[in-house]
Amino acid sequence: MPHVYPKIFKYKRYPHIDNRVHWQEVRSQIEKPDYIIHHAFYPFIHYKKRMRKFPKKFLSPDHPEQTDRDAPKERDIMYSAHIDRYIYEYYSYQINKRYNDYASQTGINRCAVAYRNNHPGKSNIHYAKEAFDFIRKAGSSFIVIGDFTKYFDNIDHDHLKHQLCKLLSVDRLPEDYYAVFRSITKYSWLELDEIQEFKGLDKKSFNKLDRFFSPEEFRLFKKDHLKTNRNRFGIPQGSAISATLSNVYLMDFDKIINDYATSHAGFYRRYCDDFIIVLPLRDKQSNQRAIDFIFHTQDSIKGLELQAEKTQVFEYDSQTINNCNESYLPDTSNSKNLISYLGFTFDGQTVTIRSKTIAKYYERMYRKIDNITKNNRLSPSGKRIPLRNLYRLYSYKGKHAERRNKKQGNFLSYVDRAKKVFGTDEDIDRGTKRAWSKMQKRLKRPRL
């Protein structure tokens, strides 16, 4: 059996409808197609992940009372039962192998860069640098950056099945693959907050459960709480196979756009639902035809829709980025002369970490500090609250902190990795150079 298996099938401790189980206990079953064909998949557990949005001037000692931020963004997350997760991981691995072969044969191997197992050691840092390097080397470029609207929610089931058949070189999905496909398209789920209310436990006690229900409780609970996706579109975001299927779904789109870009001496990369296209800078009519071609290709794939507010058009020349949305996409609102891609920004001369990412880092740091200092650094039991956890999470002291015999870094570790990849000529750590002094200033700020 391939040596990568132990890296994929990791034991997870989260509670679910079934008991926790190790891969070796179920491996012999999952590798048998007949078992998969007759397996009854459990419902997913659903919750909403709230993601804060930050104002331009994030919370700081100089702006302690600022509140002009947007409402938090919510993302639907679903996670599967333990046995189901192993099944999804196993079939995701099998599909990914076929996808890698197909991608190599069709010339899209370097285009789809997210959720791949054939780019070891690479991350969004490397892919962002690759894109910015191409723009610089080209000298003068026309750049389009796009983002698909609610990508996982809009995946069309018929098109996904067609793409899977195409990948597997079959007219009809094998029965075991169809069982997995049906479970991920006609999926059912239970709401996490409803389960918590049913159990009547606080969060800490709830998370210590071995499993949510006894068999009798589960049968009783699901009668009134089970929900099912009856649409002909949408797959759950968060399952172990969804990411792989998202690449399979866009095989045709990737090939069409990549062929177009390469035929014009250009560059195309897609990271899940984000993509960037770089073409030689030409006259306005030629540039407009390129945009029309992108939208026409998008229209040919069921379920794809570009987010107008996130579609960005730029021209790069003489080390200057000019935003061109008003000229080519007048219905969009982007106006910054700044390319933002995979967490980094490029102004034509320098690459830095995106300001929103820096803002999130400081906001979390300041929130942690305020929780520590709100009662003169005393815990409810009257003990002095140590600062070591704060330092480990948010300062240079935690960049290489040892935990459970493994190196566990923090955001500043990520900044260091980005500096190594991009090199010293870029101002990658511009937003974090004064992180320590800002932390100390916040710690000493008197409580009002």
Side-chain angles (χ1 to χ4, degrees), residues 1-2 5 8-9 16-18 21 23 26-46 76 78-103 105-106 112 115-117 151-190 222 226-255 272 301-304:
M1 201 56 65
Y5 271 16
I8 299 173
F9 303 110
H16 211 283
I17 299 168
D18 63 344
V21 63
W23 161 244
V26 296
R27 171 178 167 179
S28 60
Q29 295 172 296
I30 290 174
E31 291 177 343
K32 294 177 181 177
D34 190 61
Y35 173 80
I36 304 301
I37 293 169
H38 297 96
H39 175 72
F41 287 83
Y42 285 104
F44 286 87
I45 303 299
H46 168 260
D76 292 299
M78 297 196 183
Y79 61 102
S80 57
H82 295 282
I83 181 69
D84 297 348
R85 176 175 58 83
Y86 285 134
I87 293 172
Y88 291 140
E89 287 174 339
Y90 176 78
Y91 278 84
S92 175
Y93 176 75
Q94 302 300 331
I95 293 171
N96 222 337
K97 287 195 300 182
R98 299 294 292 266
Y99 177 82
N100 288 340
D101 292 339
Y102 176 88
Q105 294 165 9
T106 56
Y115 316 129
R116 303 288 301 280
N117 57 10
Y151 177 49
F152 287 91
D153 294 339
N154 292 329
I155 285 179
D156 181 84
H157 297 166
D158 290 338
H159 183 70
L160 177 59
K161 185 195 290 186
H162 177 267
Q163 294 297 87
L164 268 175
C165 288
K166 179 178 179 179
L167 183 68
L168 300 173
S169 300
V170 296
D171 294 327
R172 183 172 180 169
L173 288 177
E175 288 188 71
D176 56 327
Y177 276 83
Y178 179 74
V180 174
F181 170 82
R182 182 172 176 79
S183 75
I184 209 72
T185 52
K186 298 301 179 185
Y187 59 92
S188 60
W189 74 91
L190 299 171
K222 72 177 184 177
L226 187 68
K227 301 176 179 65
T228 303
N229 180 36
R230 303 190 184 280
N231 299 317
R232 297 187 66 84
F233 54 86
I235 64 175
Q237 186 169 355
S239 84
I241 199 172
S242 296
T244 297
L245 294 180
S246 74
N247 279 336
V248 173
Y249 190 79
L250 287 176
M251 291 189 307
D252 292 347
F253 180 88
D254 287 340
K255 174 148 180 41
C272 189
I301 309 296
K302 290 182 178 180
L304 284 191

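Note that the structure is predicted; figures quoted are calculated from it, not measured.
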(request) Would you please test Tyr91 and Asp176 for side-chain contact (heavy atoms from CB on, under 4.5 Å) and show each step? (result) CA-CA 10 Å; Tyr91 278 84; Asp176 56 327; 2.7 Å; yes

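- Of the listed residues (Tyr178, Tyr42, Tyr88), just one forms a side-chain hydrogen bond (donor to acceptor under 3.5 Å, both in side chains) with Ser183, and that residue is Tyr88.
- With rounding to the nearest 0.5 angstrom, the OH atom of Tyr35 is 9.5 Å from the OG atom of Ser28.
- Of the inter-residue distances, the one linking Asp171 atom CG with Cys165 atom SG reads 7.5 Å to the nearest 0.5 angstrom.
- Ser246 contributes a side-chain N or O that, together with a main-chain N or O of Ala243, makes up a donor-acceptor pair within less than 3.5 Å.
- To the nearest 0.5 Å, the span separating NZ on Lys161 from CZ on Arg182 amounts to 9.0 Å.
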(request) I would like to know whether Gln237 and Asp76 meet side-chain contact (heavy atoms from CB on, under 4.5 Å); could you show each step before the answer? (result) CA-CA 7 Å; Gln237 186 169 355; Asp76 292 299; over 6 Å; no

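- The closest side-chain heavy-atom distance from Tyr177 to Ile36 is not below 4.5 Å.
- Taking the side chain as every heavy atom from C-beta outward, Thr244 and Tyr99 never approach each other to under 4.5 Å.
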(request) Could you please spell out the steps behind the side-chain contact (heavy atoms from CB on, under 4.5 Å) verdict for Ile30 and Ile83? (result) CA-CA 9 Å; Ile30 290 174; Ile83 181 69; 4.0 Å; yes

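- A donor-acceptor contact shorter than 3.5 Å links the side chain of Tyr86 to the backbone of Trp23.
- Inter-residue side-chain proximity for Phe181 and Leu245 is flagged as unmet; no heavy-atom pair is nearer than 4.5 Å.
- Taking 4.5 Å as the limit, some side-chain heavy atom of Arg98 sits within range of a side-chain heavy atom of Ser169.
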(request) For side-chain contact (heavy atoms from CB on, under 4.5 Å), just list the numbers for Asn229 and Ile235, CA-CA rounded to whole Å, side-chain angles, deciding distance to a tenth of an Å, and then say yes or no. (result) CA-CA 9 Å; Asn229 180 36; Ile235 64 175; over 6 Å; no

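- Listed here is the closest heavy atom pair of Phe152 and Ser242: CE2-O, 3.6 Å.
- Side chain of His159 to backbone of Ile155: no donor-acceptor contact under 3.5 angstrom is found.
- Distance check: Met78 CE to Ser188 OG gives 9.5 Å after rounding to the nearest 0.5 Å.
- Between Asp84 and Asp18 the shortest side-chain heavy-atom distance does not fall below 4.5 Å.
- Remark: Gln29 CD is packed, more than 12 non-hydrogen atoms of other residues, nucleotides or ligands lying under 6.0 Å away.
- Ile184 places a side-chain heavy atom less than 4.5 Å from the side chain of Phe44.
- With hydrogens and angles disregarded, no donor-acceptor distance shorter than 3.5 Å links the side chain of Tyr90 to the backbone of Arg27.
- Among residues two or more places apart in sequence or in another chain, the salt bridge (charged side-chain N to carboxylate O under 4.0 Å, His left out) test is passed with Lys166 by Asp252.
- Rounded to the nearest 0.5 angstrom, Asn154 CG and Leu304 CG are separated by 8.5 Å.
- With Tyr102 as the partner, the side-chain contact (heavy atoms from CB on, under 4.5 Å) test is satisfied by one option alone out of Leu167, Val248, Leu168: Leu167.
- The two residues Tyr115 and Cys272 have their closest heavy-atom pair at OH-SG, 3.5 Å.
- To the nearest 0.5 angstrom, Asp254 atom CG is 8.5 Å from Thr106 atom OG1.
- Taking the six-membered ring for Trp and thresholds of 30 and 60 degrees, Phe41 and His39 have ring planes more than 60 degrees apart, a perpendicular arrangement.
- Of the possible donor and acceptor atoms, none in the side chain of Asp156 sits under 3.5 Å from a partner among the backbone N and O of Gly303.
- Of the possible polar contacts, none joining the His157 side chain to the Lys186 backbone as a donor-acceptor pair under 3.5 Å is found.
- The aromatic rings of Tyr79 and His16 lie perpendicular to each other, with more than 60° between the two planes, well past the 30° mark.
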